[in-house]
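One structure is given here, and the rest of the page talks about it.
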Amino acid sequence: MDLRQLPIEPTAEALEWRAEHRPGRIPKIWQDRHLKEFIDERLTKLPFHALAALCIEVFGKERAPGRSTLHRYYRIKWRMRPNRLQPRTPQ
């Protein structure tokens, strides 16, 4: 079997299997649409500790993410931004 002929993109079955067997649990932010929208509106305007305290105040301790979860979410959003790979133009 020639390995160069194998598909480069993973198949749907492979992606589904990987999602089902990923270690850990899904963060609270990704599970709760209202919480995600609330955080997205304030993520770049407040420090993480203040946003975590505000989430506890609005959504309660059980539903609110912690400061570390907010930081991980911010890092993921930063990597996913559309203009990340575009070179800067001199002004």
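Counting from 1, the numbers follow the sequence of the chain as shown.
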Side-chain donor/acceptor pairs under 3.5 Å, residues 49-68, sequence neighbours excluded:
unit_1: R63; atom_1: NE; unit_2: D32; atom_2: OD2; d: 2.5
unit_1: R63; atom_1: NH2; unit_2: D32; atom_2: OD1; d: 3.3
unit_1: R63; atom_1: NH2; unit_2: D32; atom_2: OD2; d: 3.1

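Considering OH of Y73 and CG of L35, their distance stands at 9.0 Å, rounded to 0.5 Å. Note that CD1 of I76 and CZ of R72 are 8.5 Å apart. Values are rounded to the nearest 0.5 Å. Annotation: the span from I39 atom CD1 to Y74 atom OH amounts to 14.5 Å, rounded to 0.5 Å.
Judged as a side chain to side chain donor-acceptor pair (under 3.5 Å), and not counting sequence neighbours, R42 has no contacts.
Contact between L70 and L43 at its shortest, heavy atoms only, is O-CD1, 4.4 Å.
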